J.: 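Quick one: this structure, given as C-alpha cells, is what I'll be asking you about.
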Amino acid sequence: MERILRDIMTLTLKDMGIDDTTIDIEVPRDEGYGDLSTPIAMRLAKKLKKPPKASALDLISKLKTYQDDLFDNIEIAGNGFINFRLSKTALTKELLKIITNDDYFKEDIGKGKKVQIEFVSANPTGPLHLGHGRGAAVGMALSNILTEAGYDVQKEYYINDAGRQISLLGESVFARYRQNVCNDIDYPFPEDGYKGDYIIEIAKTDEVKRLLDGCNNLTPQIHETLNRLSCEMMLNDIKKDLSDFGISFDNWQSEKMLYEKGMVQNAIQHLSQKGYIYEKDGARWFKSTAFGDDKDRVVIKQDGEYTYFASDIAYHKLKLDKGYEEIVDIWGADHHGYINRVSAVLQALGLKSEAFKVLLIQMVTLLRGGKPVSMSKRSGDFITLREVMDEITPDTTKFLFLTRRHDTPLEIDIEKAKMQSSENPVYYVQYVHARICSIFEKASSTGINLDTSSDVISYNYTDDEMRLIKKVLFYPMTLRGAVLSREPHRIAFYLQELAGLFHPYYHTERVITDDKDTTHARLILCEAIKKTVSHGLKMLGVSAPQKM
RNA sequence: GCGCCUGUAGCUCAGUAGGAUAGAGCAACUGCCUUCUAAGCAGUGGGUCAGGGGUUCGAAUCCCUUCAGGCGCGCCA
C-alpha cells in the first residue's frame with residue numbers, strides 16, 4: 001500500500017522538479033492523524049523556499065491528479081505533516097492482492113546485488129554455545145529478508161581449521177585417549193587444552209582408537225591425521241546442531257584450503273605489489289593505517305610463519321574475487337577490534353568502505369536462577385546451544401534472539417526461559433496462524449471455501465477489521481525497514497503487534513456466520529493475515545504450525 | 001590510558017534512517033471457557049528516556065561532556 005503512495009509521490013515530486021529527496025512515509029502513532037503520514041513538506045520548505053504549508057498544498061493538489069480514488073482525504077497538520085486517510089475501496093482491493101499474488105511481499109530493493117553473509121564461523125574446537133546461536137539466528141533471518149528483497153545472497157561459514165588451536169585440539173584428544181582409553185591416568189593434559197567432556201567422547205570413538213592403536217606418543221604424521229579427524233568430527237557435530245536449529249549454509253569455506261591452494265601467499269603478494277606491505281624488525285607488515293586503522297599489522301612473523309590475519313586477508317580477497325559487491329560479516333562483539341584492519345584490507349583491494357558491514361553480536365549472558373553461568377570453552381563449563389534448544393525448542397530460542405537488537409547485550413535466565421516457555425511470545429504469534437487454520441478447517445467442513453474470483457466485497461468492514469487490514473497492508477513497510485537497516489528483529493515486533501490485534505478480534509467476532517457475504521469478507525481478511533504471519537515467521541526461520 | 005557497545009516501567013526489551021501525547025511482554029491484582037483452539041480475551045497500577053550542555057521548526061534518537069556497566073587493545077587463533 002505504502003509502495004503505491006511512494007510511487008506516486010516520487011512521480012509528483014519529479015513533476016515539481018525534485019528528485020533527490022528521500023520520501024519518508026510512516027504510520028502515525030495516533031490514528032487521529034490518518035493512516036499514513038509524511039513529514040516531507042518540512043524538508044520541501046527549504047528547497048522551494050516556501051513555508052511548509054504552502055509546499056504541502058502544492059504537493060497535494062498535484063498528488064490528487066495521479067490517483068484521487070486512493071484517498072478519503074489528505075490533511076495538513078499544524079506542524080506541517082501531511083496526513084493521508086486511505087479509502088476503504090482502495091484498501092480492500094489491495095487486500096485481495098495479498099491473497100492472489102504469491103509474491104506480494106517481494107520487493108526489488110537489492111536489484112540482484114551480490115551479497116555474502118558470513119556468520120557463526122565458530123572454531124571447530126568445541127560445540128556451539130548460545131552466542132553462536134544468536135549469530136546463527138540473526139544471520140539466517142538477515143539472509144532470508146535480503147533474499148526476499150531481491151539481493152543475491154550467499155550464506156557462508158568460515159572454518160578455522162588451520163593453526164595452533166587445531167593442533168591443540170589433537171593434543172587434547174590424544175591426552176584423553178591415553179587417560180580414558182589406555183588407563184594411563186598420569187598422562188599430562190596440555191596446559192591450554194580443551195577440557196570439555198566432548199573431547200573424551202571423540203577420544204573414545206572407533207576411528208580415533210583405530211588411528212591411535214598402540215600409540216604412546218604423537219608423531220608428527222599421526223598428530224596431523226588426528227587433528228584432521230578430530231576437527232571433522234567436531235565440525236559434524238556443529239553441522240548437526242545448526243541443521244537441527246534450522247540453519248543452512250550455501251558454502252563452508254576452509255581456512256586450511258586457503259593455505260593449500262597458495263591463496264594466502266598470493267594475497268600477500270598482491271598487496272605487496274600495491275605497495276601496502278613493508279618489512280620492519282624482521283617481520284612483514286600490512287599498512288592498514290593507510291585506511292584508518294590504529295596501527296599497522298604483522299602478516300608474516302619474524303619466524304617466517306603467517307599470522308592469523310594473513311589468512312583472513314586471503315579469505316576476504318577470495319570474497320571479492322568471487323564477485324561479491326557487499327560483504328557482511330557477523331561476529332561476536334569481542335572481535336570488534338578486528339573491524340578496522342579487515343576493512344583496511346578490503347579497501348586496499350578496492351572495495352568501498354560502505355560495502356563492508358560487520359554486525360556485532362553482543363554477548364549472551366546466561367543466568368541460572370539469577371546467578372551468572374561462566375562460559376569458557378577451555379574449562380568446558382558453558383551452556384551449549386544444543387542444551388537450550390532441546391529444552392525450550394528451536395523456535396522459542398530463535399524468537400528469543402530475534403526479539404532483540406543484535407548489538408545489545410542480552411541476558412537470559414535459563415530457568416525463566418524454561419518456565420515461560422508456555423507463555424512465550426512466539427506462541428502468541430504462532431497461535432494466530434493455528435487459529436486461522438482451524439477456522440478454515442471448520443469452514444471447509446461445512447462446505448464453505450475461500451472465493452477469490454471476484455474483487456467485489458459486499459460487506460462493510462468494521463473499524464476493528466479496517467485496523468487489521470491496514471496492519472497487514474503496512475507489513476511491507478516493516479519488511480523494507482528491516483532490510484534497509486539490516487535489522488531482522490523488527491519483523492518479530494511487527495508480528496507481535498499483528499497478533500495483538502488479531503486475538504481480540506477473534507475473541508469478539510465470529511468469522512463463520514450465517515451471512516454469506518460477511519463470512520466471505522472475513523475469510524479473505526483471515527487468509528491475508530495468515531499469509532502475512534506465515535511470511536514473517538518464515539523470514540525469522542520460525543515455523544508456522546497448523547495446529548497447536 | 002585508548003577504542004567500541006550499552007544505560008528507557010520492578011524485570012527483559014522495543015521505539016519504525018530527527019517527527020506528533022514514550023510502548024510491549026513478563027511479574028502483580030480483578031473478572032471471562034455451552035461458541036471457529038483459554039498458548040486466548042477484558043480491565044487496574046507503573047517513567048526525571050543515567051546527569052548536564054548544545055545543534056533546529058522538532059531530540060529517547062545527532063554532537064560535546066560527566067557518571068555507571070560490558071567488551072576489546074599480541075609477531076595468539
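Chain letters run A, B, ... following the sequence lines, proteins first and then strands; every chain starts at 1. Since we're looking at a predicted model, the values are computed, not measured.
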J.: What is the pairing partner of B:C26, taking Watson-Crick or G-U wobble pairs with both distances under 3.5 Å in any strand?
T.: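 Base-paired to B:G10.
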J.: Taking syn as within 90° of 0 and anti otherwise, name the glycosidic form of B:C33.
T.: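 Glycosidic conformation of B:C33: syn.
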J.: Give A:Thr403 one of three labels, base, sugar-phosphate or nothing, depending on what nucleic acid heavy atoms sit under 4.0 Å from its own.
T.: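 Sugar-phosphate, no base atom in range.
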J.: What nucleotide among B:G25, B:A17, B:C13 has an atom nearest to a side-chain atom of A:Pro425?
T.: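 It is B:G25.
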J.: If you look at every strand shown and take non-hydrogen atoms under 4.0 Å, does A:Glu2 touch a base, only sugar-phosphate, or nothing?
T.: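 Nothing: the residue A:Glu2, judged by heavy atoms under 4.0 Å, touches no strand.
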J.: Base, sugar-phosphate, or nothing for A:Asn83, non-hydrogen atoms under 4.0 angstrom?
T.: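 Base contact.
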J.: Is any side-chain N or O of A:Thr408 closer than 4.0 Å to OP1 or OP2 of B:A14?
T.: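 Yes, such a contact exists.
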J.: If I pick the C1' atom on B:C5 and the same atom on B:A20, what distance separates them, to the nearest angstrom?
T.: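 Their C1' atoms lie roughly 31 Å apart.
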J.: Considering only side-chain heavy atoms of A:Asp30, which listed nucleotide, B:A14, B:U21, B:G19, is closest?
T.: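 The closest nucleotide is B:U21.
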J.: Do the side chain of A:Tyr315 and the main chain of A:Phe309 share a donor and acceptor less than 3.5 angstrom apart?
T.: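 The answer is no, because no donor-acceptor pair under 3.5 Å joins these two groups.
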J.: Consider the side chain of A:His507, meaning its heavy atoms from C-beta on, and name the nucleotide among B:U16, B:U12, B:G40 that approaches it most closely.
T.: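 Looking only at heavy atoms from C-beta outward on A:His507, the closest nucleotide is B:G40.
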J.: Need the pair for B:C4. Rule: Watson-Crick or G-U wobble, both distances under 3.5 Å, any strand; none if unpaired.
T.: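 Here B:C4 is engaged in a pair, and the nucleotide opposite it is B:G70.
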J.: Using a strict cut-off of less than 4.0 Å between a Lys/Arg side-chain nitrogen and an Asp/Glu carboxylate oxygen, indicate whether A:Glu305 and A:Lys301 qualify as a salt bridge.
T.: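 Judged by the 4.0 Å cut-off on N to carboxylate O distance, A:Glu305 and A:Lys301 do not form a salt bridge.
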J.: Is the number of heavy atoms from other residues, nucleotides or ligands under 6.0 Å of A:Lys357 NZ greater than 12?
T.: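 Enclosed.
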J.: Distance check, P atoms only: B:U44 and B:C67, in whole angstrom units.
T.: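 43 Å, rounded to whole Å.
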J.: Which listed nucleotide (B:A20, B:A39, B:C36) is nearest to the side chain of A:Ile512?
T.: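 The closest nucleotide is B:C36.
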J.: A:Asn340 or A:Met477: which one's nearest nucleotide on RNA chain B is closer to the 5' end?
T.: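 Nearest nucleotide further toward 5': that of A:Asn340.
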J.: Both distances below 3.5 Å, Watson-Crick or wobble geometry, any strand: find the nucleotide opposite B:U55.
T.: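 Pairing partner: none.
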J.: Could you tell me whether A:Glu487 and A:Arg404 make a salt bridge, using a distance below 4.0 angstrom between a side-chain N and a carboxylate O?
T.: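 A:Arg404 and A:Glu487: not salt-bridged.
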J.: Have a look at A:Arg29 and say if it touches a base, only the backbone sugar-phosphate, or nothing, with a 4.0 Å heavy-atom cut-off.
T.: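 It contacts sugar-phosphate atoms only.
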J.: Compare all side-chain heavy atoms of A:Glu171 with those of A:His223 and state whether any distance is below 4.5 angstrom.
T.: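 Yes; the side chains approach each other to less than 4.5 Å.
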J.: Could you check which nucleotide pairs with B:G40 in any of the strands shown, counting Watson-Crick or G-U wobble with both distances under 3.5 Å?
T.: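 Partner of B:G40: B:C32.
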J.: Indicate yes or no for a side-chain donor-acceptor contact from A:Arg297 to the backbone of A:Ser288 under 3.5 Å, with no hydrogens or angles considered.
T.: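 Such a contact is absent between A:Arg297 side chain and A:Ser288 backbone.
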J.: If the test is side-chain contact (heavy atoms from CB on, under 4.5 Å), which one of A:Tyr306, A:Tyr308, A:Phe286 qualifies with A:Val299?
T.: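 Only one of A:Tyr306, A:Tyr308, A:Phe286 forms a side-chain contact (heavy atoms from CB on, under 4.5 Å) with A:Val299, namely A:Phe286.
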J.: Go nucleotide by nucleotide along RNA chain B from the 5' end; which of A:Ala499 and A:Arg404 gets its closest nucleotide reached first?
T.: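 Final value for this comparison: A:Arg404.
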J.: Regarding A:Phe493, tell me which of base, sugar-phosphate or nothing describes its non-hydrogen contacts under 4.0 Å with the strands shown.
T.: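 Sugar-phosphate, no base atom in range.
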J.: Select one nucleotide: of B:A14, B:C36, B:G19, the one nearest the side-chain heavy atoms of A:Arg510.
T.: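 Ranking B:A14, B:C36, B:G19 by closest atom to the A:Arg510 side chain puts B:C36 first.
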J.: What does A:Tyr428 touch in the nucleic acid at a heavy-atom separation under 4.0 angstrom: a base, only the sugar-phosphate, or nothing?
T.: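 Sugar-phosphate: the residue A:Tyr428, judged by heavy atoms under 4.0 Å, touches backbone atoms but no base.
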J.: Atom CE of A:Met42 and atom P of B:U56: how far apart are they, to the nearest Å?
T.: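 After rounding, the gap between these two atoms is 16 Å.
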J.: Along nucleotides 69-77 of chain B, 5' to 3', which nucleotides get a B, which get an S, and which get a -, given that the test is a protein heavy-atom distance under 4.0 Å?
T.: --BSSSBSB
J.: Base, sugar-phosphate alone, or nothing: which one does A:Val27 contact when heavy atoms must sit under 4.0 Å apart?
T.: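 Since a base atom lies under 4.0 Å of A:Val27, the category is base.
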J.: Between B:C62 and B:U16, how many Å separate the two P atoms, rounded to a whole number?
T.: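 Taking atom P in both B:C62 and B:U16, they lie 10 Å apart.
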J.: Going through the checks in order, is the side-chain hydrogen bond (donor to acceptor under 3.5 Å, both in side chains) test met by A:Asp296 and A:Tyr278?
T.: CA-CA 10 Å; A:Asp296 292 342; A:Tyr278 64 91; 2.6 Å; yes
J.: What's A:Pro504 touching, base or sugar-phosphate or nothing? Going by heavy atoms closer than 4.0 Å.
T.: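 Counting heavy atoms under 4.0 Å across all strands, the contact made by A:Pro504 is with sugar-phosphate only.
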J.: Using whole Å, report how far CG of A:Leu501 lies from P of B:G25.
T.: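 After rounding, the gap between these two atoms is 12 Å.
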